[in-house]
Amino acid sequence: MKMPHAKTQRRKEERRDADDSLFADLDLHFARFIARFGGGEMAARAAGFLSRAVRQGHICLDLSIAPLTDAGEPVAWAPLAEWLAALGECRAVAAPDSSAPTPLVLDAAGRLYLRRYFEYETALARMLLQRATPGRNGSQEGQEAAIASALAQPLTIISGGPGTGKTTTVVSILLRLMQPGLQPLRIALTAPTGKAAARLEQTIRDGLNTQGRTDLLAAIPRASTLHRLLGICRGSPLFRHHAGNPLALDLLVVDEASMVPLPLMAKLFDALPQATRAILLGDRDQLASVDPGNILADIVDAAAIPGNALHGTLALLKKNYRFGNESAIYRLCEAVRAGKGCSALELLSVQSLADLGSAPLPAPQQLSNALREPVLAGYGAYMREPDPAKALEALGRFRVLCALRKGPYGVEELNRRIAALLREAGLIQGSHPLYAGMPLLITRNDPHLGLFNGDIAVLLPDPAQADAPEKPLWAWFPGEGSELRRIAPTQLPEHEPAFAMTVHKSQGSEFERVLLMLPERDTPVLTREWIYTGLTRARSRMDVWFHPEVFERGVARRTERTSGLRDALAAKKSIHSEDWPQKGARCAK
């Protein structure tokens, strides 16, 4: 046998060492598993990079493009033809039309998938195309176009930034569908997080009140998270509702759809009868889900193509009703969304704006002093409020947002510093890790308690036991209507303080005032979508602490998630179901 040249062998070893530094243990384990099926080192390497890509939020690995290191540099990468040849010899890989139950699927475009993600993507594309109505006009702008779409067909996608009236449009749709004499609708209001679901419900109820239609309030259900709607089976990735046990609904409204990952979106539509009207609301420019996929952006991008089957399902809302054209927050958000870093920096340099302020990021040793004034102003009234309901309301008026969990400007350090400042000001009593006024963020789902990742609580004694000698702390959560739920802290699933949150965790929430803190150095987490999402959390005042060069690099970096969904949705014709009622007909019960 001819031995490989020493230099070639050394290069292979150097490349393997470089790869290993990028891989988690899970990636290496999966690469070794795939290596048993043949295909040599290249098949194993492709498997390792695929596993890494999925961890990073991609649905698949595009073999024609070199992956990037954590520093943003491309790794050494072979031509596509070499990857295809190696994977063609691996028994773990099959083509999309193969009946072999292989763990990997390789499509004609050179995209390598974990089989379950390929099946999720294929199924979701098929179910969306089944809801596309033939003959509908192309995507249009404005609320009337969105209303007309929702009344005429089983799928409507409403995309727009904060304040463009997405939920107000849903109120108008409900008013059309709930006219006197029509049969009652079975409605579900849902969102990825409890906070976003509660905000959707409250906005719809407020809208009906404003319209003077209080008679319809009883027909509006309590909003729920997507997991709660589908019915979690404890210890299983499966849900109680699926194609064999569908949801009994006439109308489904999904808010914050940009946060929904591929597996959950596929399972949602799998559980949805064809006759159910589905309305997806979201902002395609916001951060994608923490889990794999950038589903709303893929759907909107595909639907925006003239001639696409989904073209008539898309309504774009651009007019902003929350901020006037003179609003600095609005102008900053638009500059960031458009990738105009220089324009955004110019706006941030103005120091006389009523709704926007900025400052250089303080050095770590100066951070506590810099935080003192905004923290005491933002959390002082909240920490003095003994009533749980009023405290939850006060907590929504201010938040510190950042990018990372670790480091001098990460969530853990910021929460520690903020608590120390509040204790120093006498607003936290004692040294116990749990204290009255502590805000909590749930970080793990607990279906048994009805608590989900992203739910917010405050720790306070029960006001009804004010005269009791002992005043135990309870975690107070928003409940049904104006009611609160109280749970003993010892029963809570994993949680953390919530004075400071990552921008990812803040999605679906809004605050009157926000202090947005960028990291001290450039990081792949910092993208245009991250900055835009952070800025759009504020309703009336935004303060940004940052280094200009870090901010500008972040605005220039787009979130790119590899997917085949846009191509799968590129069909010119819909897969139409005759079960869908014609225009003007009511939903089937």
Side-chain angles (χ1 to χ4, degrees), residues 161-162 192-193 195-196 199 256 258-259 283 285-290 328-329 332-333 336-337 344 348 355-362 367-368 370-379 382 394-419 421-422 439-443 453-456 496-547 550-551 554-555 559:
T193 68
K195 183 71 174 179
R199 187 160 58 86
E256 299 292 347
S258 65
M259 299 170 61
D283 185 348
D285 294 309
Q286 281 192 21
L287 278 169
S289 163
V290 174
I329 295 178
L332 179 61
C333 291
V336 169
R337 188 178 65 81
L348 285 167
D355 60 343
L356 179 65
S358 68
L361 187 69
L367 185 55
S368 290
L371 280 169
R372 182 174 286 103
E373 182 179 345
V375 161
L376 295 182
Y379 290 126
Y382 159 73
L395 181 61
R397 295 175 191 154
F398 176 71
R399 200 59 49 94
V400 177
L401 301 180
C402 59
L404 307 172
R405 295 195 53 79
K406 304 290 186 181
Y409 306 95
V411 164
E412 294 177 2
E413 179 64 14
L414 287 173
N415 274 310
R416 187 190 67 79
R417 286 180 183 261
I418 291 170
L421 289 169
L422 295 172
L440 297 180
L441 172 71
I442 299 301
T443 58
N453 187 4
D455 286 351
I456 294 284
E496 62 188 23
F499 291 117
M501 301 167 61
T502 62
V503 167
H504 276 93
K505 290 289 187 182
S506 75
Q507 280 188 272
S509 300
E510 291 179 348
F511 312 98
E512 287 300 315
R513 293 178 294 131
V514 169
L515 170 56
L516 179 65
M517 212 175 299
L518 272 65
E520 75 275 26
R521 60 177 62 90
D522 191 29
T523 169
V525 171
L526 192 66
T527 63
R528 183 183 308 175
E529 291 80 5
W530 184 95
I531 296 173
Y532 174 82
T533 302
L535 294 174
T536 54
R537 298 310 90 197
R539 294 182 64 90
S540 60
R541 174 74 186 188
M542 167 60 69
D543 286 280
V544 188
W545 292 359
F546 66 102
H547 293 319
V550 174
F551 180 90
V555 172
T559 298

Contact between [X] and [Y] at the side-chain level, heavy atoms closer than 4.5 Å - yes or no?
X: Val503; Y: Leu516; value: yes
X: Phe551; Y: Ser358; value: no
X: Pro439; Y: Tyr379; value: no
X: Ile456; Y: Ile442; value: no
X: Leu401; Y: Arg537; value: yes
X: Leu371; Y: Met517; value: yes
X: Leu535; Y: Ile329; value: no
X: Ser506; Y: Arg399; value: no

Looking at residues at least two apart in the chain, or sitting in another chain, which of them share a salt bridge (charged side-chain N to carboxylate O under 4.0 Å, His left out) with Glu512?
Arg539
Could you walk me through whether Glu412 and Lys406 satisfy the side-chain contact (heavy atoms from CB on, under 4.5 Å) test, starting with their C-alpha distance in whole Å, then the side-chain angles of each, then the deciding distance to 0.1 Å, before giving a yes or no?
CA-CA 6 Å; Glu412 294 177 2; Lys406 304 290 186 181; 3.0 Å; yes
Mind checking the [atom1]-[atom2] spacing from [X] to [Y]? Nearest 0.5 Å is all I need.
X: Thr193; Y: Asn453; atom1: OG1; atom2: CG; result: 8.5 Å
X: Leu367; Y: Glu413; atom1: CG; atom2: CD; result: 7.5 Å
X: His504; Y: Ser289; atom1: NE2; atom2: OG; result: 8.5 Å
X: Leu361; Y: Arg521; atom1: CG; atom2: CZ; result: 11.0 Å
X: Leu414; Y: Thr502; atom1: CG; atom2: OG1; result: 11.5 Å
X: Ile531; Y: Arg337; atom1: CD1; atom2: CZ; result: 14.5 Å

Contact summary for [X] and [Y], nearest pair of heavy atoms:
X: Cys402; Y: Val411; answer: SG-CG2, 3.4 Å
X: Asp283; Y: Ser258; answer: O-CB, 3.7 Å
X: Ser540; Y: Asp355; answer: O-CB, 3.2 Å
X: Phe499; Y: Tyr382; answer: CE2-CE2, 4.2 Å
X: Glu520; Y: Pro408; answer: OE2-CG, 3.9 Å
X: Pro192; Y: Glu256; answer: CG-O, 3.5 Å

Is there a donor-acceptor pair closer than 3.5 Å between any side-chain N or O of Tyr409 and the backbone N or O of Leu404?
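Not a single qualifying donor-acceptor pair exists.
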When you check the gap from the basic side-chain N to the acidic O, do Glu496 and Lys505 get nearer than 4.0 Å?
no
Taking side chain to side chain donor-acceptor pair (under 3.5 Å) as the test, write out the residues that go with Asp455, two or more places apart.
none
Side chain to side chain contact (heavy atoms under 4.5 Å, CB included) partners of Thr527, counting only residues at least two apart:
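Checked Thr527 against side chain to side chain contact (heavy atoms under 4.5 Å, CB included); matches are Leu287, Glu529, Trp530, Arg557, Thr559.
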